[in-house]
Amino acid sequence: MKLQPEPQMPRVWRRESKPHRFCPGCGHPLALKALGEAVDDLDWQDRVVFGCDIGCSLLAWDFFDLDTVQTHHGRTLPVLVGLKRVRPELVPIAYMGDGGAYAIGVQHLVSAAARDEPVCSLVVNNAVYAMTGGQMAPTTLPGQKTETTPYGRDPALSGHPLKGAEMVAAVAAPEAYVARGSVANLRQLKRYLLRALQNPHFSLVEVLASCPTNWRTNAAETWEWVEKEMPRYFPLGELKGGVREEERR
Amino acid sequence: MTAVIERERRAFLTGNEVVAWAALAAGAEVMFGYPITPQNEIMHYWARLAPRYGRKFLQTEDELSAGYATIGAVLGGVKAFTATAGPGHVLMQEALAMAEMMRLPVVAIITQRGGPSTATVIYSQQEVNLACFGGNGEGFRLVYSVAGLQDLYEYTLKAFGMAWRYRLPTIVLGDGYQAKMRGPVKLFDPARQGIDTGMAAPFLGAAGTPGRERPPVHLRNTYNLEEELLAVVEEQARSFEQVAEQVAEYEEEKREGAAILLVAHGIVARAAQLAAGRLRRRGKAVGFFRPVTLRPFPETALRRAAFEAEMVLVAESAWGQLERLVRASLSGSEVPVQAYRRPGMGITPEELEEELEKILAARKSSGWSRGDEVAARAADATGLAP
């Protein structure tokens, strides 16, 4: 399908795979737009290797005109760690959901951060397992209804939501860059992504993102939730500043 | 790259040391690993040797990471390997399934230990199922079962060559006995012996800007439709069947009119070979067959050998894992298959001799038709016996 006139897209987006496959109102394409613009700004199309995971993130397997590898369960990170170890000139981006990064593959995230692997992780936090039909995620908020917490997440029963960015910031090297942005503030998100990509150490950007399909929310409620509700538990901002350009010289 | 081993030399090494030297000589650039017995010393020796030859090592957080990081390095276009065993091998299968799906030349050295689960750290042949068919797939991988230190050296070299030539994950299947035993080995430069150790090339990050100067590479595991996946797996199957004909390997000692064909793999094959040879020297009609590749399994050769025998005896340090491969190969034939199963136990030539004698005696007393000692002596006279 060819849209006329063609909407404005980052150069690095692959035209042939658009329109994309994400649900209407999904936060992924916004995060991928900010990422695409950041790669465009750096003009790094020949250096960036994109890795995506299982779940909704895998829908991005042919999203970019970038060499891409798709895997699952947060293993995107060790794949890119292996790649970076032998091809230091490449800039690998591990694009994962909160389930892959903070639950089933959390050991990879913690260990890559602790070892200060120079890989950029981009974790989309939409507070649910979306592709599998809306189960509780490590990031599901207290009281939030999901298919496996039909009466709302009860912290006494299933614990509190995991603050992944804070956890990573606690174990990462002093030079690491860790930030939490949101699809509700794309300018800020892009700024974080640019810093993350340019940081020659480990970096993590968590992105608060919407999932109206599984949240069962209308447009106004969706935006309210991602913009107001989520940051009350997951505060936005930079947790670790990385190495700034002026310090690197 | 200058050769790691310029001149052929004899060394007195453990199996795990042999693997490290072979990987160096094969041009492996990096190893990823996680501690588990009896594989540990492969990492120890590699970690010591690697920097001297400009190679790399990373101790990962687990075998999942070791397997996937090996995949990442392979994607980058270098020869890479990992090594594990037992419960670590279980985790490793996840990465090997991805390598199978994407046809990535990942090399894994497996030093089998006892199972199920934690079990013993010492020895077994209980990881045959896992090595051949682990993961949620069809087992499109190469599995070389080695039988001794020289084998470990040569098949580790070869594993890299075959993996990269055919773009298949390749396993060198050893065990704790071979990993830890020390003995004489002949080390040599593979290039001088004409052993292909593979040419690596990048899957990702090749020259040129993707989307501008060349199409982007999009490697995926995921498929939306049943038909899409079917087409992919059918193509893999066709390709694997073609490869199978070229790579299936075995070793045999024939015996015309053999009463018993003794089948064993790995280190047990050495005991089996000795036992069969001793019996033949005593005039008994016993043949020997060792599958070297367990995937693909040398089915045609085994069928040919088995059909010439009265019966097949499978000996293994597992409860029927090799036996199942043998029975599948012989399906449709009338040749009876018996098993000598010793999961987690070493098998000596003496106990196999005893077992074979017992079977021969029982057969004889029940009026055996063909492979009796008279026929055996007749065969000896034709010079067929070693």
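In what follows, every chain begins at residue 1, and chains take the letters A, B, ... in the order their sequences are listed.
Between chain A and the options B:Thr60, B:Val30, B:Leu64, the largest number of non-hydrogen pairs under 4.5 Å is found for B:Leu64. With respect to chain A, the highest number of heavy-atom pairs below 4.5 Å among B:Gly205, B:Gly208, B:Gly77, B:Ala206 belongs to B:Gly205. Ranking A:Val81, A:Asp62, A:Val12, A:Val48 against chain B, the residue ahead of the rest is A:Asp62, based on heavy-atom pairs under 4.5 Å. The candidate from B:Lys56, B:Glu213, B:Glu94 with the greatest count of non-hydrogen atom pairs under 4.5 Å with chain A is B:Glu94. Heavy-atom pairs under 4.5 Å with chain B were tallied for A:Leu66, A:Val110, A:Leu80; the largest tally goes to A:Leu66. Contact count against chain B (heavy-atom pairs under 4.5 Å) is highest for A:His108 among A:Glu89, A:Gln107, A:His108. Chain A forms the most heavy-atom pairs under 4.5 Å with one residue out of B:Val78, B:Asn221, B:Asn224, and that residue is B:Asn221.
Of all heavy-atom pairs between B:Gly211 and A:Gln45, the closest is CA-NE2, 4.5 Å.
For the pair A:Arg75 and B:Asp62, the salt-bridge criterion is not met [side-chain N within less than 4.0 Å of a carboxylate O]. A salt bridge is absent between B:Arg214 and A:Asp65; no separation between the charged side-chain nitrogens and carboxylate oxygens falls under 4.0 Å.
For chain A, no part of B:Met101 is nearby; none of its heavy atoms comes within less than 4.5 Å. Both the backbone and the side chain of B:Ser65 come within contact range of chain A, each with at least one heavy atom under 4.5 Å from a heavy atom of that chain. Both the backbone and the side chain of A:Val69 come within contact range of chain B, with heavy atoms under 4.5 Å apart.
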